[in-house]
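Written below as structure tokens is the structure these notes are about.
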Amino acid sequence: MSKECQNSQPAAPCYGKRQETPHGVTTSFGLSDHFADMLGNCLSYAEDARKAGRPIVGILCEFTPRELILAAGGVPVCLCGGSLDMIAPAEEVLPANLCPLIKSTFGYHLTRSNPFLEMADLLVAETTCDGKKKMYELMAESRTMHVLELPQKSDDPDALAHWRAELAKLRDLLQDRYSVRIDDGRLREAIRTTNRYRALRRRLAELMAADRPPLTGRQLLDFKSNIWCMESDMTAYENALPGLDLVAQENNKCKYTRTGATNPVRVLLTGVPVLHGAQKVVDIIESSGGLVVCMENCTGLKPLLQDVDETIADPLDALAEKYFSLPCSVMTPNDRRMESLRRLTEQYRPDCVIDLAWQGCLTYDVESARVKTLAQRELHLPFLRISTDYSPNDAARIALRVEALFETARDRQGDARP
Ligand code: SF4
Ligand code: SF4
């Protein structure tokens, strides 16, 4: 069977033949243009919001419910650092063998070079990994910070109640600080907004389940903002999704074999968040013949898979349940991550699994052994663990390992041929 698209009149170019029209419209249906200046868009939005009297509230983890901040009239902004340039300043204070995400975030704090951090009236943090916790103490010396205590025994019957109490304390703090009453109505409205946002990003991610997805993993990673729920982003998603759905459907009509040598190897990427500026592993995968069809981490599907249940009578209960279920490696045991990986494998049909751990991230690094066992013994997929930092120095070495993984994946595809 030919590896080329044989569909006589495809509505849009197939994967690998992405083109621009004379009007500059690509197969991303405007999303590339819309997110080209993501940080600039977010900055304008945050500045306008502040002028309108809305406080900017910095968040540093997906366990922090944005809904409470939105219901208080605030703008939650993710402040996690992805910049290599911030590592050296941070290492003046922090140990060098700490995770680069923590160091980069702290480097922005020291150099006062993150405009969102500088305009934040409050930071909401959480007790997740030890490095973050101790870094927050240093940030709190000069910034207003509230730390949520996250219980970490995922199956402990008392843990959810404790987490709900922590969310209630945050609600009370926001009410007092911003002289606003966060009643159930306001909270439900915020929940409806974030659920709408999650649903749109989920639909975009689900396009990657197609045999020939209309986007690359890097595009999908780039098509989001550091501030959730901006109306302009949601409108851009709504405008682009019908066209992208059509491209995915048309591409699937192509006479096409997934086992051809030129076809990309479908990758499920799991592990640590891949922040703006720190996308090197995704780029290496996709320039080595792979396609990241599923990103299970906190900058991908992890925070999007479960909505906040709008049918639960007490919206704070609903928030507590949703956020306590987040399958982060700081939880013990973290069986929910394994369940999520099983479901995502079924849905996205990867050819292999890559588990990324930032150097110094003990929880993800240790948990990698469980992911490896799951991938190899249960899902029967080739597996690669990558431990790296934000520096480009090891890019060639990582590329070699990724290429070897892809060879194994292609050999297995060949073996599976009738
Ligand atoms: S990986 Fe865990 S600690 Fe990091 S942002 Fe996600 S939930 Fe928070
Ligand atoms: S990547 Fe790991 S070490 Fe770094 S902040 Fe997240 S959980 Fe902590």
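Numbering of ligands and ligand atoms starts at 1, following listing order. All values below come from the heavy atoms of this structure, side chains included, with hydrogens, waters and symmetry mates left out. Positions are given from 1 along the sequence.
- The number of heavy atoms from other shown groups lying within 6.0 Å of NZ (Lys133) is above 12.
- Scanning all protein heavy atoms for the shortest distance to atom 2 (Fe) of ligand 1 gives Cys328 SG, 2.3 Å.
- For the residue pair His276 and Met38, the shortest heavy atom distance occurs at ND1-CE, 3.8 Å.
- The contact set between ligand 1 and Cys61, taken as ligand atoms under 4.0 Å from a residue heavy atom, comprises 3 (S), 5 (S), 7 (S), 8 (Fe).
- Arg370 and Pro333 get closest at one heavy-atom pair: NH1-CB, 4.4 Å.
- The option with the heavy atom closest to atom 4 (Fe) of ligand 1, from among Lys302, Glu62, Lys132, is Lys132.
- Cys298 SG, 2.3 Å is the protein heavy atom nearest to atom 6 (Fe) of ligand 1.
- Taking a 6.0 Å sphere around CD of Glu346, one finds it holds 12 or fewer heavy atoms contributed by other residues, nucleotides or ligands.
- Ligand 1 places these atoms under 4.0 Å from at least one heavy atom of Leu326: 7 (S).
- Ligand 2 has no atom lying under 4.0 Å from any heavy atom of Thr128.
- Atoms of ligand 2 found under 4.0 Å from any heavy atom of Val272 (numbered from 1 in listed order, with element): 1 (S).
- Screening Leu79, Val147, Val124 for a side-chain contact (heavy atoms from CB on, under 4.5 Å) with Leu60, the sole residue that qualifies is Leu79.
- From the protein, the heavy atom lying nearest to atom 8 (Fe) of ligand 2 is Cys129 SG, 2.3 Å.
- Ion pairing between a basic and an acidic side chain is recognised when a charged N comes within 4.0 Å of a carboxylate O; Lys322 and Asp317 show no such pairing.
- Of the protein's non-hydrogen atoms, Tyr364 OH, 3.4 Å is the one closest to atom 1 (S) of ligand 1.
- More than 12 heavy atoms of other residues, nucleotides or ligands shown are found within 6.0 angstrom of CD on Glu310.
- Contacts with ligand 2 closer than 4.0 Å are made by heavy atoms of both the backbone and the side chain of Cys361.
- Close approach of ligand 1 to Phe63 (heavy-atom distance below 4.0 Å) involves ligand atoms 7 (S).
- Asp121 and Arg50 are not joined by a salt bridge, as no carboxylate oxygen comes within less than 4.0 angstrom of a charged side-chain nitrogen.
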